[in-house]
Every structure is written in structure tokens, then in C-alpha cells.
There are 2 protein chains.
Amino acid sequence: MSSAAPEFADELPDDPLFVQALGRAMRVMEAFQKAERPLSLAEIAAATGITRSAAQRIVHTLRKLGYLRMAPDGRGFLPDLAVLNLTYDYLRLNPLIRRASAPLLELRRTVRERVDLSLFDGQRMVYASRLQSKREMFFATLVGHSVPTYCTSGGWAVMAMLPDDEVDQLLAAADMRALTPRTLTDPDAIRAQIALVRQNGHALAFEQILMGEIALGVAIADPAGRPVAAIHVAASLAEWEPEEFRRRIAPLAAEAALAISR
Amino acid sequence: MSSAAPEFADELPDDPLFVQALGRAMRVMEAFQKAERPLSLAEIAAATGITRSAAQRIVHTLRKLGYLRMAPDGRGFLPDLAVLNLTYDYLRLNPLIRRASAPLLELRRTVRERVDLSLFDGQRMVYASRLQSKREMFFATLVGHSVPTYCTSGGWAVMAMLPDDEVDQLLAAADMRALTPRTLTDPDAIRAQIALVRQNGHALAFEQILMGEIALGVAIADPAGRPVAAIHVAASLAEWEPEEFRRRIAPLAAEAALAISR
DNA sequence: CATACTGTATTGCACTCCGATACAGGTGCA
DNA sequence: TGCACCTGTATCGGAGTGCAATACAGTATG
């Protein structure tokens with residue numbers, strides 16, 4: 001980090017339309033992504049590369065607007081309720097999610113296992129909708145939760161629809177770490193999975209995120225043919241024989257994905 | 001609307017810390033709350049009371065940051081994925097929701113009906129977590145969805161913990177409309193429900209939001225004793241005799257609420 | 001074919017945001 | 001006890017940034 005390059009670019013060079021104050025403010029909100037507890041002004045300033053003064057003004061403003069609030073003990077700040085209003089508008093207005101509504105419920109009804117819709121965001125797949133089944137962990141069920149693209153059934157399904165050079169780029173840039181003993185972190189092993197998806201039309205992932213879990217993923221493309229999301233169906237290996245799971249679930253998931261893609 | 005008062009206050013008079021550009025930007029994001037489809041620059045400008053130029057710059061910036069995107073057909077703008085990252089941080093870092101995790105799952109497991117956690121936001125109760133049961137409507141299950149405080153079991157439970165004058169204020173300011181034929185819109189009828197809550201410790205709502213639905217709500221207070229949220233358990237009148245529902249569910253919901261309040 | 005709407009680009013001026021600095025209150029280490 | 005350092009809060013002059021007006025290209029809609 002001894003480079004002279006600025007760690008934080010307030011704007012791209014010569015972008016006269018970019019509103020600096022807004023860019024900084026969103027960096028403040030995003031600072032909480034790496035936080036595990038309330039952030040003080042000094043911490044916010046450090047994390048975003050702005051001065052404490054600027055952080056003060058931005059936090060003050062975001063607080064008045066309901067996007068941040070002071071932590072219960074008066075030390076540090078946290079995201080606040082107004083954030084959820086944005087969430088709802090995003091989900092409600094997103095055309096893909098609107099179209100996904102009926103097929104996902106139908107799928108959930110027939111398979112009776114957990115059904116998720118996740119959105120492709122480069123290195124991550126972000127959950128936009130979750131229809132639980134039985135046992136659940138809580139935070140894993142939160143909207144906005146994301147999992148790595150390289151080690152999920154949905155991520156493999158999405159990558160299978162990308163040209164090879166983009167897949168290579170993605171895998172090269174991935175910060176791979178094994179989440180379970182069985183998580184694939186070898187790029188070639190992942191490429192092999194992608195090849196399988198291109199044959200089968202779906203991905204099957206064994207214990208990549210959680211031990212005991214099997215997941216089947218199918219990608220959803222936009223009208224131009226680019227993958228933008230994926231459906232997952234996740235279940236317990238204690239209850240399913242893998243080939244049976246694939247045979248039963250794959251056609252239903254594929255049908256749902258097709259209905260959403262349109 | 002012939003008054004000379006400005007319809008949009010960029011800042012409170014003499015608040016030297018308030019960042020105008022940021023206030024405007026958040027107004028732009030919030031403009032989508034009343035939208036049913038993508039908004040054009042002109043519409044955003046009109047909805048927020050800023051000029052088209054300012055809207056252009058703000059939209060441009062929010063777009064570069066991933067909070068807005070152009071609609072699929074190139075006409076108008078929509079909230080974009082980055083919003084969900086904020087969502088997750090809010091849910092993940094919120095102390096109340098952290099504490100609620102285990103009790104809610106436990107409650108869901110025992111009652112086997114829909115269990116929600118909603119946050120008190122004045123006139124609205126905003127859903128922060130939803131654990132579905134069987135049949136569901138989709139949009140109703142989205143995080144960030146909100147329902148009026150005055151006609152939900154959770155809202156009644158929350159109001160029961162407020163002093164009477166605050167209840168009166170809330171009801172006076174409420175824009176009451178019946179969502180079903182049975183929705184209570186008479187302030188006195190609602191006050192009667194609140195009185196019941198103060199006796200029973202929970203609220204029971206019949207078909208206030210949706211015909212055929214019964215809901216039981218219990219409030220959650222902060223350490224200072226102010227209500228901040230509510231647990232709902234919702235079920236079908238086709239499957240439950242109301243008194244049986246109350247008898248079975250109320251103690252369990254109350255226990256969960258207590259565990260969360262701490 | 002004209003009109004009105006899209007989104008995009010440019011420019012000079014003034015006001016707004018900038019960052020340094022100071023302050024009050026609490027915590028913790030010596 | 002007291003000093004050092006952390007909280008969040010408040011003030012202020014200067015300069016840089018966001019402001020609004022205006023122009024432009026492309027596309028529906030009448």
C-alpha cells in the first residue's frame with residue numbers, strides 16, 4: 001500500500017456530473033459492510049478516506065434522514081430503518097423479481113424445499129428472495145445476504161452462460177476460501193462444474209456452503225442472453241439421494257427459470 | 001397548496017451541518033416509494049422538487065455507485081442492486097434483530113404458522129423478518145414491506161405501550177382507509193383494542209389486512225420501556241378457532257417477545 | 001412532419017461543502 | 001488522582017463543487 005495512487009477515488013477523473021458529496025455519503029453507508037459493530041466517526045473517516053469533519057456532516061445528514069442512528073450506548077453509529085424502505089422499492093419495482101414471484105411460489109409448492117432467488121453481482125450472488133422450508137439458520141435467511149459466485153450452484157449456473165474469458169476473469173479475481181471441507185477452490189475444478197452445467201442445463205453443488213446441504217441451481221438470462229440471476233433449490237443430504245434430487249428437482253427448477261426469463 | 005411555504009425543505013433552517021446534495025439524493029431514492037414503474041428525470045425532478053439538472057447529476061452519481069440503473073427499455077430509472085447490500089448491513093448489525101433471531105426461529109418451530117418481526121416507524125410497521133408457513137402472497141412477504149400501525153395486531157400492541165397522548169397524536173395523523181370490510185378505522189374502536197392489549201398483554205386482529213386472516217401481536221420494548229417492534233403470528237381463520245388460537249399462541253409469542261426485549 | 005418527451009453534455013457563477021480547529025463529556029490507564 | 005485519548009458536537013473562512021440554464025441527439029406520439 002505504499003503506492004502513490006489514491007486509495008479512494010472521490011470520482012473518476014473528469015466526471016463533471018459526479019456529485020462528490022453523494023459519493024462520499026454512499027461510501028459511508030458501505031463502510032458498514034466490513035463492520036461487526038457500530039462505527040465511530042473516526043472509524044468511518046478512516047474506512048472511507050474522508051476527514052472526520054466530512055464524516056461528521058454526512059453522518060449528521062444521514063441521521064436526520066433516518067438512514068443512520070446512534071448505537072444504543074451512544075458510542076458509534078449504525079444503519080437505520082429508512083434503509084428498509086429502499087429495499088422494498090427495489091424488490092417491488094425490479095422487473096425480474098416481479099416476474100419471478102409466481103414461478104417461485106409454484107416451485108416452492110411442488111418441491112417443498114428451500115427456494116431462493118439470487119442476483120448475479122460479479123463475485124457475489126445476492127439473495128433477493130428466500131422461501132424457507134423447515135430448519136433454517138437466521139442470518140443466512142436475510143435478504144441482501146450474499147455468497148461467493150465461485151462456490152454455489154447458482155454461481156456455477158450463471159458462469160456457464162458467460163463466455164470463457166469472462167469466466168476466467170471472474171475466477172482469477174476471486175478471493176477463494178473454503179467454506180466447508182468440500183468447497184471447490186481450484187479454478188479447474190470449478191471450470192469442470194461449469195462444463196457440466198453446459199451439458200445439463202443446471203448445476204448441482206454438494207456441501208459447498210454448508211455441510212449436509214445439496215443445492216441445485218439454474219440460471220436466468222435477460223433478453224440479450226446474459227445471465228442476471230439464478231434459482232436455487234436447497235435440501236438436506238440426509239433426506240435426499242443425490243441422483244433422485246437431481247431427477248426430481250431439475251426439470252421443475254428449469255421450468256421456473258424459463259418462465260422468469262421469458 | 002397555495003401557501004408560500006416551500007414544499008420541500010432542503011434542510012431545516014440554519015442547520016449548517018446538513019449536506020444539501022445528500023438530502024436531495026435521498027429524496028431521489030425515496031421518490032420511488034410512490035412509483036409503480038421507472039421514473040424519468042423529469043418525473044424525479046417533479047417528485048422531489050429539484051431541477052432536472054440536479055436530478056441528472058444525482059441520478060448519474062447513484063448509477064455509477066450501483067444504487068440506480070436504467071430501466072430495461074432505456075426509459076427511466078429504477079433502484080438497483082447496491083441497495084440490497086445496505087439492507088443486509090442494517091439487518092445484520094441491528095441489535096434487536098440479532099437478539100430476535102433465535103427466539104423467532106424457536107417460535108416458528110413451535111407454532112408452525114407465519115411469524116413476522118416488524119419495526120415501529122410511526123405510522124407504519126415495517127417488516128424486517130418473515131418466516132413463512134404455507135400459502136403466501138409474494139409481495140406481502142418482501143422485506144421492507146410495511147403496513148399501517150393503526151390496523152395491525154403488532155401496531156395495536158405497540159400503541160398499548162405508548163402514553164395516551166402519543167396514541168391520540170398517532171391516530172389523529174393517520175390516513176385511515178379500510179383494507180378489508182372489517183378494518184377498523186374508527187379511532188375509538190382502535191382505542192378499545194389498545195385497552196384490551198393493556199389487559200391481555202397481546203393484540204388479536206381479525207381480518208384487518210386480509211380477509212380470512214387472524215393475527216396475534218406482542219410488542220417489544222427497548223431498555224427504556226419504549227416500544228420499538230412487534231412479533232406477529234398470523235394464521236388462517238379456516239384452520240383456527242379464534243379463542244383456541246389465542247390460548248395456544250399468546251403465551252409462546254409473549255415469551256419470545258420477552259426474550260428479545262431482555 | 002411537428003411536438004414533446006426521452007437521456008446526455010457543457011459552462012460560468014455563487015453558494016455549499018470543505019477541513020482545521022476548538023470544546024465538552026466519558027473511559028481507561030498509570 | 002490526573003493525564004491522555006477517545007467519544008460526539010460546534011464554529012468559521014475560503015475555495016472548490018455543485019448549481020441551474022441551456023443546448024443537443026434520438027425516439028415516440030399525435
Side-chain angles (χ1 to χ4, degrees), chain A residues 6-29 31-32 35 37-65 67-80, chain B residues 6-29 31-32 35 37-65 67-80:
Chain A
E7 188 175 355
F8 300 95
D10 260 359
E11 68 251 48
L12 315 179
D14 294 341
D15 183 345
L17 283 179
F18 195 92
V19 180
Q20 184 196 57
L22 177 50
R24 292 175 164 192
M26 299 325 282
R27 282 223 305 281
V28 168
M29 291 304 295
F32 291 93
R37 48 181 184 72
L39 294 181
S40 72
L41 284 176
E43 287 170 327
I44 290 172
T48 54
I50 64 184
T51 65
R52 221 173 69 107
S53 291
Q56 178 191 5
R57 266 176 284 119
I58 289 168
V59 166
H60 170 85
T61 307
L62 288 171
R63 212 135 71 97
K64 287 230 163 175
L65 299 173
Y67 292 92
L68 288 181
R69 63 174 240 245
M70 189 166 272
D73 65 353
R75 332 193 91 247
F77 303 93
L78 288 172
D80 200 1
Chain B
E7 187 174 357
F8 301 95
D10 260 359
E11 69 250 47
L12 314 181
D14 293 341
D15 183 346
L17 282 179
F18 195 92
V19 179
Q20 184 194 59
L22 177 50
R24 291 176 165 193
M26 299 325 282
R27 282 222 304 281
V28 168
M29 291 303 295
F32 292 93
R37 49 185 182 72
L39 294 180
S40 72
L41 283 176
E43 288 169 326
I44 290 171
T48 54
I50 63 184
T51 65
R52 224 173 66 107
S53 290
Q56 178 190 6
R57 267 175 290 116
I58 289 167
V59 166
H60 171 86
T61 306
L62 288 171
R63 213 136 70 97
K64 288 229 163 175
L65 299 173
Y67 293 91
L68 288 180
R69 62 172 241 243
M70 187 167 273
D73 66 353
R75 332 195 90 248
F77 303 93
L78 287 172
D80 200 3

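Labels below follow one simple rule: chain letters A, B, ... track the order of the sequence lines, proteins then strands, and each chain is numbered from 1. Values reported hereafter were calculated over all heavy atoms of this structure, with side chains retained and with hydrogens, waters and symmetry mates removed.
In terms of the side chain to side chain contact (heavy atoms under 4.5 Å, CB included) criterion, residue partners of A/Ala21 (sequence neighbours excluded) are, by chain and number, B/Val19, B/Ala21. Scored by the salt bridge (charged side-chain N to carboxylate O under 4.0 Å, His left out) test, B/Arg37 finds B/Glu43 as partners (sequence neighbours excluded). By the side chain to side chain contact (heavy atoms under 4.5 Å, CB included) test, B/Arg69 is found to be paired with A/Asn94, A/Pro95, B/Pro72, B/Asp80, residues two or more places apart in sequence or in another chain being considered.
Side-chain contact between A/Val28 and A/Leu39 is absent, with no heavy atoms from C-beta onward closer than 4.5 Å.
We find that CZ of B/Arg57 is positioned 15 Å from P of C/dC15, with the value rounded to whole Å. With rounding to whole Å, B/Asp15 atom CG is found 19 Å from C/dC15 atom P. A straight line from CG of A/Leu22 to C1' of D/dG18 spans 11 Å, rounded to a whole angstrom. Atom CZ in A/Arg37 sits about 14 Å away from atom P in D/dC6, given to the nearest Å.
The bend of the helix from C/dC1-D/dG30 to C/dA30-D/dT1, defined by the angle between the axes of its first five and last five pairs, stands at 40° to the nearest 10°.
Contact annotation: side chain of B/Arg24 to base of D/dG18, donor-acceptor pair absent below 3.5 Å.
Within the structure, no pair that satisfies the salt bridge (charged side-chain N to carboxylate O under 4.0 Å, His left out) test touches residues 51-63 of chain B, not counting sequence neighbours.
Residue A/Leu68 comes nearest to A/Phe32 through the heavy atom pair CD2-CE1, 3.7 Å, listed as atom of the first residue, atom of the second, then distance. Of all heavy-atom pairs spanning B/Arg75 and B/Pro38, the tightest one is O-CB, 3.8 Å.
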Protein-to-nucleotide contact annotation, 5' to 3' order, nucleotides 2-10 of chain C [B base; S sugar-phosphate only; - none; under 4.0 Å, heavy atom]: ----SBBBB
